[in-house]
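First up is the structure itself, then whatever we jot down about it.
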Amino acid sequence: MSRPLHRGVSGGGRLSVNGPDFWDDSQMKDKIEKEDLERNRSPGDQTYSPTKFLCRILFPDNSPSKHNLGENGLLSDPFSPGTGRNRLKYALGLIRLSLVGIVLLALTGSFWWTISITSSSRGHIYHGYRQLQEQVVSDLRDIGQLSLGAANVKDMEYCPPESENFIPCFNVSENLDLGLSKGEEVDRHCGPGSRQNCLVLSPVNYKIPLRWPTGRDVIWHANVNITAQEVLSSGSMTKRLMMLEEEQISFRSDSAMFDSIEDYSHQIAEMIGLRNESNFVRAGVRTILDIGCGYGSFGAHLFSSQLLTMCVANYEASGSQVQLTLERGLPAMIGSFNSKQLPYPSLSFDMIHCAECHVDWDQKDGIFLVEVDRLLRPGGYFVWTSTVTNTQRSVRNKVSLKKWNFVRNFAESMCWELLPQQDETVVWKKTSLKKCYFARRPGVGPSICSKGQDIESPYYRPLQACIAGTQSRRWIPIEERTKWPSRAKLNSSELKIHGLLSEALAEDSLNWNSAVNNYWSLLSPLIFSDHPKRPGDDDPSPPYNMLRNVLDMNAHFGGLNAALLDARKSVWVMNVIPTSGPNYLPLIIDRGFVGVLHDWCEAFPTYPRTYDLVHANGLLSMEFGQHSRCPMFDLFIEMDRVLRPEVVVEEDGKRVIELLKWDPTLAVSALEKEYMVDEDKVKKAFKFPIKHGKALDLDEGDERKLNLLYTLPLVSPYSDGSKLDLWTVEAEKFRVGLIHEFLSLTLEKRAYIHNIVEFKEEFCLTKHTYQMLLKQPRTFYLAGTEMNWSVFLKDAYGEDGVLLNKDPQVLFNEKLYRYADMKVLKPSSDVYET
């Protein structure tokens, strides 16, 4: 059924046109489709779509009609191809439209992508800088609390004299009160209240340790807490290798048990199959854990063979093995085989040594031997010297025989190979093959740790009764590892195990080599162990060791340790990896260094006065940058506790700084230096007029000369002003010169009244300081009132009030303030935020 045709505009009105009264089929079909389309629109819809509007602009109708009438009397529509020519135009238009659209979309996308990247980058840079600013301000604020002067120093009290060997987290009496026993009372127990917020005093007769290597064999008796009876009493084999000589303890090489430590070390080397102990390194041995080390004589002897021995022993209130070992300049820390794993990674040591170390290896179902297995590298050695291993005695002593049989069988169940025994010393070699563990009979020996149990770097975790380290990528037999000293520079395949590129380690080494050179240049040579004597001492007796034990509190890759070795410095480094940061301790251990995991919100397991240098690169920002878990103040107290004092200790036990060297050029003030360059300028800078009677009838020139006579010479600010009469001209000259020197040493050449008054006693100031400075208008500029003023060094500022020669720190501060005040536009809004 045909539908009525409407000739006209959308209103349905009829138009009077000159044209045919009929339509061909195609035209009629198009017209019907168009009318259906128009009919389906909402009645009130009189708007163009964006695409159609764009087409109207791109393809305008050039007909003369005001209403764009076509030849057939209807409104022309570019989307209504009535003829073939129109279809061609329509196709070309679509092509042009597509090309233009593609270009517009590409430009728009590129524009918005650029805006988004720019905005996000700006936001990232801003927020990153803001974070850095807050971190710096936080660090400076906390450090400033320590250096505000006498007001805060009074808050820091000295610990009681009986606490001179105090170690937080090791309180035996408290632990006994809590019911701890069976060795756990000497274990480490850190918790709230374990610290003492006081400075640990040095012993009254404390003396600076002797210079290495003399200090290895002779230590001062007053520096350690040990009685003469403890020195002479029996103990472990290495404990008996010392004797008391007046004020010193000297360690000798002979004992009743063995001919010498040298013979003992030689014996162990032969049992392993080596010619002597100097061949340990060739066999892959570099780091040794010495359990219950006595006083470190075993490690002291092996040090000359490039072997690094870490001593671990229980906490001891008196006669401490760890304290005496550290006093000798040898690696040591408090640690025990009681209930917790030691804070070392699995597969850390090439050899573990126990000579009468008083560990009951047969107790707790052999769990202590399992911990030894965790710490040993594949192919490593466990050396045990004890009367228990003496088979002839054990036959007569059933208890000892039972212990020996248990240890021997348990070691065999862990795939340890027992080497030929000599005397009372036995050596086991840990297996290098993982398949040995799986070849054991079911139920024989400890099981293999699961992934959840096999934590590579535990931190005082309870002892585990399973074999660890088998799933580690670091499972490499000691014979296949790079030999020392090449081990310190791991190759690319070894670094790949730790997820590190060789370029990163090379860059780190380059930076630390440069840093160590700078340290040696900036710090006085007298603090280093390779310096033969103190400057100014013609023949020091005995020579002083100023640097031997180094504590790196945030060791990262161990770069400081490697750089010190490259520089051939006679030091050893305790590399500490904070628990709050990335764990690079396995990397440090694999480089042939010693190190430990530690939480710096807790006390370090060592005695007071045990380290010559504490290095804390990046530690403050790591521990206190985001969320501070503990006060920074506690960390500085801990640093003070572990540092050796380079001081003189008076009879009351308090420390007094000892002046070691004085450079006279340091006592030349800025004013004196300026006087050498421009004498007249300095003469005009100050005036100290004197009152004289009118009867003298002095003209202006004579009066000026008289005042100048009183002005010069000025009194040096580095002289002792306390000896001057407070109200004389000389005393006023001293005070003026002192404030001038004080201002010249500040960054911005200015100071507030509060800064000046803080040094009232040291500067010998009076209540008339404001009036005194007011009389020197050519030198000082005073701003504010008499009760609240600031003083500026006038020559340091230009006429516009801007500081002339700005220190780099001042420029940095100005830039910091600008960034802190800058405004950033959020990408998603029009709101500016500060």
Side-chain angles (χ1 to χ4, degrees), residues 132 135-136 139-140 143-144 146-147 211-212 329 485 488-489 500 502-536 544-578 581-582 584 587-588 591-595 600 611-623 625 635-636 639-640 642-644 646 657 659-663 665-666 745 747 805-813 815-816:
L132 176 62
Q135 173 182 314
V136 170
D139 285 350
L140 292 178
I143 295 174
L146 299 173
S147 57
R211 177 177 176 264
W212 180 270
K489 298 177 173 62
L500 199 66
S502 55
E503 292 80 5
L505 187 64
E507 183 180 356
D508 183 74
S509 300
L510 187 65
N511 292 337
W512 280 112
N513 286 334
S514 175
V516 166
N517 289 333
N518 291 336
Y519 290 165
W520 245 252
S521 300
L522 293 173
L523 300 177
S524 174
L526 61 90
I527 71 169
F528 296 109
S529 58
D530 55 355
H531 195 271
K533 59 185 179 181
R534 294 186 179 190
Y544 288 90
N545 167 34
M546 310 306 291
L547 183 62
R548 169 62 185 169
N549 302 349
V550 178
L551 177 65
D552 194 353
M553 302 175 72
N554 184 24
H556 199 55
F557 297 156
L560 176 65
N561 194 341
L564 289 170
L565 291 178
D566 288 343
R568 299 183 179 276
K569 305 303 178 184
S570 55
V571 301
W572 72 272
V573 181
M574 174 67 84
N575 296 283
V576 180
I577 295 296
Y584 294 110
L587 169 66
I588 291 173
R591 297 183 72 179
F593 307 146
V594 292
W600 283 114
Y611 286 94
D612 304 301
L613 174 67
V614 170
H615 186 259
N617 180 54
L619 180 66
L620 297 183
S621 57
M622 176 186 293
E623 293 287 354
L635 182 62
F636 280 92
M639 291 181 185
D640 180 83
V642 303
L643 271 173
R644 279 175 171 170
E646 172 60 11
I657 297 175
L659 183 61
L660 301 177
K661 182 184 177 183
W662 176 254
D663 185 358
T665 59
L666 296 176
L745 293 174
L747 291 177
N805 299 316
K806 295 183 179 180
D807 187 90
Q809 183 64 45
V810 175
L811 296 174
F812 173 80
N813 291 343
K815 186 181 293 186
L816 193 65

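Within the 3.5 Å criterion, the main-chain N or O of Met553 finds a donor-acceptor partner in the side chain of Trp600. When atom types are taken as modelled, the side chain of Asn517 and the backbone of Asn513 share a donor-acceptor pair closer than 3.5 angstrom.
Scanning both residues, Arg548 and Ser570, for their nearest heavy atoms gives NH1-O, 3.1 Å. Minimum heavy-atom separation, Arg591 to Ser509: NH2-OG, 4.3 Å. Contact detail for Gly581 and Met622: the closest heavy-atom pair is CA-SD, 3.8 Å. What you find for Phe593 and Ala488 is that their closest heavy atoms are CZ-CB, 4.0 Å. Across every non-hydrogen atom of Pro578 and Leu619, the tightest pair is CG-CD1, 3.9 Å. Here the closest non-hydrogen pair linking Ala563 and Val516 is CB-CG2, 3.4 Å.
Taking CG of Asn554 as the reference point, atom NE2 of His615 lies at 9.5 Å (rounded to 0.5 Å). Rounded to the nearest 0.5 Å, atoms CG (Leu500) and CG (Asp508) are 8.5 Å apart. To the nearest 0.5 angstrom, Asn511 atom CG is 12.5 Å from Leu560 atom CG. A distance of 9.0 Å separates CG in Leu551 from CG in Asn575, rounded to the nearest 0.5 Å. Going from atom CG of Leu587 over to atom CG of Leu505 covers 7.0 Å, rounded to the nearest 0.5 Å. Here the NZ-OH distance, from Lys569 to Tyr519, works out to 14.0 Å after rounding to the nearest 0.5 Å.
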(Q) I'd like to know whether Asn813 forms a side-chain contact (heavy atoms from CB on, under 4.5 Å) with Lys806, so could you lay out the CA-CA distance, the side-chain angles of the two residues, the decisive distance to 0.1 Å, and finally the verdict. (A) CA-CA 11 Å; Asn813 291 343; Lys806 295 183 179 180; over 6 Å; no
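Leu620 is listed as a side-chain neighbour of Leu635, based on a closest heavy-atom distance under 4.5 Å. Counting heavy atoms from C-beta on, the side chains of Asp552 and Asn561 never come closer than 4.5 Å.
Using a 30° and 60° split on the angle between ring planes, Tyr611 and Trp572 fall in the tilted class, from 30° to 60°.
Contact check on Asp612 versus Arg644 returns a salt bridge, with a Lys/Arg side-chain nitrogen under 4.0 Å from an Asp/Glu carboxylate oxygen.
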